[in-house]
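Keep in mind it's a predicted model, so treat the numbers as computed, not measured. For this chain, numbers begin at 1 and follow the sequence in order.
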Amino acid sequence: ANSGTLETRGGAGLSAVHRGSRSDTVGRLTGMMAAASMAAMATLPANADPVTFPQLKEMVTNMGYTPTESASGTLFEISLTTENFNVPIGFEVSASGRYIWARTTLGDFSGEGDKAIELLKSNASKQPVMFWLTSANVLVLGMAIDNRDVTPEHLRFAMDKIADTVDETAAIWNAAE
């Protein structure tokens, strides 16, 4: 018998000579897969550090906006103007630092029944922005931004998506409509 080399069996092509137990084979395969996985991971680029609150504020300032910081120092707001609304958009870094929240407060929500259901259903077509109610029944529209490799383009997308959705959904959430 051969000792680990390939041999031809009855002209059916090459096959490995069986040697050792099944657990030996599984162990070797597991080791090879682990080594291949580590080699692949070594070639992946490292993620950039998450953006801090001061860096986020500076990035938005460099985009041409004038942020107004809250008294708590954990949130700042800028203002966008749409065809129908002045939309204040707040930014904050989550407590974990993993996300940046961009959101606008739409006021107390008095919608019931069909209006509330329509608002909830609109989340499916408006993603990645979403509506939610605070514990004080205040309606908020916003989105989470993954806090890795954040660019002004990411922030601009969030701002535009929030402002556009405010206009597009006013008939649902705006009591004056």
Would you indicate whether the side-chain heavy atoms of T81 and V87 approach each other to under 4.5 Å? no

Drop me the distance from I78's CD1 to M63's CE, to the nearest 0.5 angstrom. 7.5 Å

Can you list everything that forms a side chain to side chain donor-acceptor pair (under 3.5 Å) with D146? Sequence neighbours excluded, please. R148

Is there a side-chain contact between E77 and S70 (heavy atoms, below 4.5 Å)? no

If you measure from CG on L75 to NZ on K57, what distance do you get to the nearest 0.5 Å? 10.5 Å

Considering only heavy atoms from C-beta outward, does the side chain of I89 approach that of S79 to under 4.5 Å? no

Is the side chain of T169 donor-acceptor paired with the backbone N or O of I172 at a distance under 3.5 Å, no angle test? no

Which atom pairs, one a donor and one an acceptor, fall under 3.5 Å between side chains of residues 127-140 and the rest of the protein, sequence neighbours left out?
from : atom 1 : to   : atom 2 : distance (Å)
T134 : OG1    : A136 : N      : 3.2
T134 : OG1    : V138 : N      : 3.1
N137 : ND2    : F109 : O      : 2.7

Give the minimum heavy-atom separation between A158 and A102, together with the two atoms involved. CB-CB, 4.2 Å

Considering all heavy atoms, the nearest T104-P88 contact: OG1-O, 2.6 Å

Hey, could you give me the CG/OG distance between L141 and S122, rounded to the nearest 0.5 Å? 8.5 Å

Here the gap from L80 atom CG to N86 atom CG, rounded to the nearest 0.5 Å, amounts to 8.5 Å

Between CG on residue D167 and CG on residue N84, distance to nearest 0.5 Å: 4.5 Å

Qualifying residues under side chain to side chain donor-acceptor pair (under 3.5 Å), relative to K126, sequence neighbours excluded: E168

Is the backbone N or O of A163 less than 3.5 Å from a side-chain atom of T82, with the two atoms forming a donor-acceptor pair by type? no

Which residues pass the side chain to side chain donor-acceptor pair (under 3.5 Å) test with D160, sequence neighbours left out? R156

Return the minimal non-hydrogen interatomic distance between M59 and V150, and the atom names on each side. CE-O, 3.7 Å

Give a yes or no on whether the backbone of G107 and the side-chain of T105 come within a donor-acceptor separation of less than 3.5 Å. no

Among F157, Y99, W101, find the one that has a side-chain contact (heavy atoms from CB on, under 4.5 Å) with M143. F157

Quick one: does N147's side chain have a donor or acceptor within less than 3.5 Å of a partner on V51's backbone? yes

With sequence neighbours left out, the residues meeting side chain to side chain donor-acceptor pair (under 3.5 Å) with T151 are E153, H154

If you take all heavy atoms of T52 and Q55, which pair is closest and at what distance? N-OE1, 2.8 Å

Taking ring-ring contact (aromatic ring centres under 6.0 Å, His included) as the test, write out the residues that go with F76, two or more places apart. F53, F91

